[in-house]
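Each ligand, and each atom within it, is numbered from 1 in the order the structure gives.
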Amino acid sequence: MEFAGSDILSVDQFGRPDVERVFEIATKLQMEETRGRIGEILRGKILGNLFFEPSTRTRMSFASAFMRLGGQVISSEGHEATSMAKGETLKDTIRAVQEYCDVITIRHPQVDAAAEAAGIARIPVINGGDGSGEHPTQALLDLFTVQKEQGKVDDLHFAFVGDLQFGRAVHSLCKTITLFNRMKIACIARDVFQMPDTIVEQSRSRGAHVSLTDNFEEGIKEVDVIYMTRLQQERFPDRADLRAMEQFVLTRNLIERTCKPAVTIMHPLPRLDEIASDVDDLEKNAAYLRQPHNGLFVRMALFLLTLDKTKELP
Ligand code: NCD
């Protein structure tokens, strides 16, 4: 794809070379950062960071990435703080916000809200999570983390665990890994929380081997990467029965008893109880502790690409 001037709404926009291009720039940025040479490539640029849903990492990571490149950030947090609380439409909000900035990052509870914003804005719009739809920047930072942890992105065996039905991070990541070769994917979830059929079918049509199971211990035995997720309770506020359903919990004991020694444990975060705190001590495996750091460089890379500034890298 041509990144310059483009929106980033769904991982369906990417081919393998696009993902590799983002990783190449993120790696370069990470190297330059350690030498203190990143510079102020985005000086004079403004990011409009619009978050209509709770967030710590994604919101602050977008802002930090932009500021570390010398840009400035204006932001809006929550519905209540905007004119949308007075009844304004997303369309009218975006029409105005695009006058104040050079690129928009948006998180919204509604699937396709980022696409709607992109349809209005003449500046690039980056999806920071649209309801239970997609979370493309998370998928890129997740796979970038896998590459660093496992040393490759082909020939890997993944387990996605937890709420695969409503979790946008797993939707985007599953679609992204199937751009690579010889992938095996175990979707481990209670029936109501299983991966949407469309994503399973797309993965299979791209040649990935996909299995669906609710046997957690069996499912994680042979895998290289375990991607844990929390129950997306905010997506089904009226379903006490679903909220009460027992969830899979990854403990240090289970990992030591069951998994490959080099298994990479990931989570988009925030975690509730899915990963016991004693797993944090398995430093080599606990890659969820490194995902936020990697995310910063992936998001920097995406800003440079969409704003057509990669040529100014040292
Ligand atoms: C995820 C999200 O918001 O989709 N978090 C994140 O962006 N790092 C996952 C979640 O909230 O469970």
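A salt bridge (Lys or Arg N to Asp or Glu O under 4.0 Å) check over residues 124-144, counting only residues at least two apart or in different chains, returns the pairs E134-K175.
Note on ring orientation: taking the six-membered ring where Trp is involved, the planes of F236 and F193 are tilted (angle from 30° to 60°).
E77 and R59 are joined by a salt bridge, as a carboxylate oxygen and a charged side-chain nitrogen come within less than 4.0 angstrom of each other. Salt bridge R257/E217: present, at least one basic N to carboxylate O contact under 4.0 Å.
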Ligand 1 N/O to protein N/O, distances under 3.5 Å:
residue: ligand 1; atom: 3 (O); partner: R107; partner atom: NH1; Å: 3.3
residue: ligand 1; atom: 3 (O); partner: R107; partner atom: NH2; Å: 3.1
residue: ligand 1; atom: 3 (O); partner: R168; partner atom: NH2; Å: 2.9
residue: ligand 1; atom: 4 (O); partner: R168; partner atom: NE; Å: 2.7
residue: ligand 1; atom: 5 (N); partner: L269; partner atom: O; Å: 2.8
residue: ligand 1; atom: 7 (O); partner: T58; partner atom: OG1; Å: 2.8
residue: ligand 1; atom: 7 (O); partner: R107; partner atom: NH2; Å: 2.9
residue: ligand 1; atom: 7 (O); partner: H135; partner atom: NE2; Å: 2.7
residue: ligand 1; atom: 8 (N); partner: Q138; partner atom: OE1; Å: 3.2
residue: ligand 1; atom: 8 (N); partner: P268; partner atom: O; Å: 2.9
residue: ligand 1; atom: 8 (N); partner: L269; partner atom: O; Å: 3.1
residue: ligand 1; atom: 11 (O); partner: R230; partner atom: NE; Å: 3.3
residue: ligand 1; atom: 11 (O); partner: R230; partner atom: NH2; Å: 2.9
residue: ligand 1; atom: 12 (O); partner: R230; partner atom: NE; Å: 2.7
residue: ligand 1; atom: 12 (O); partner: R230; partner atom: NH2; Å: 3.4
residue: ligand 1; atom: 12 (O); partner: Q232; partner atom: NE2; Å: 2.8

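The salt bridge (Lys or Arg N to Asp or Glu O under 4.0 Å) search around K86 returns none, not counting sequence neighbours. Under the rule for a salt bridge (Lys or Arg N to Asp or Glu O under 4.0 Å), the partners of K221 that lie at least two apart in sequence or sit in another chain are E218.
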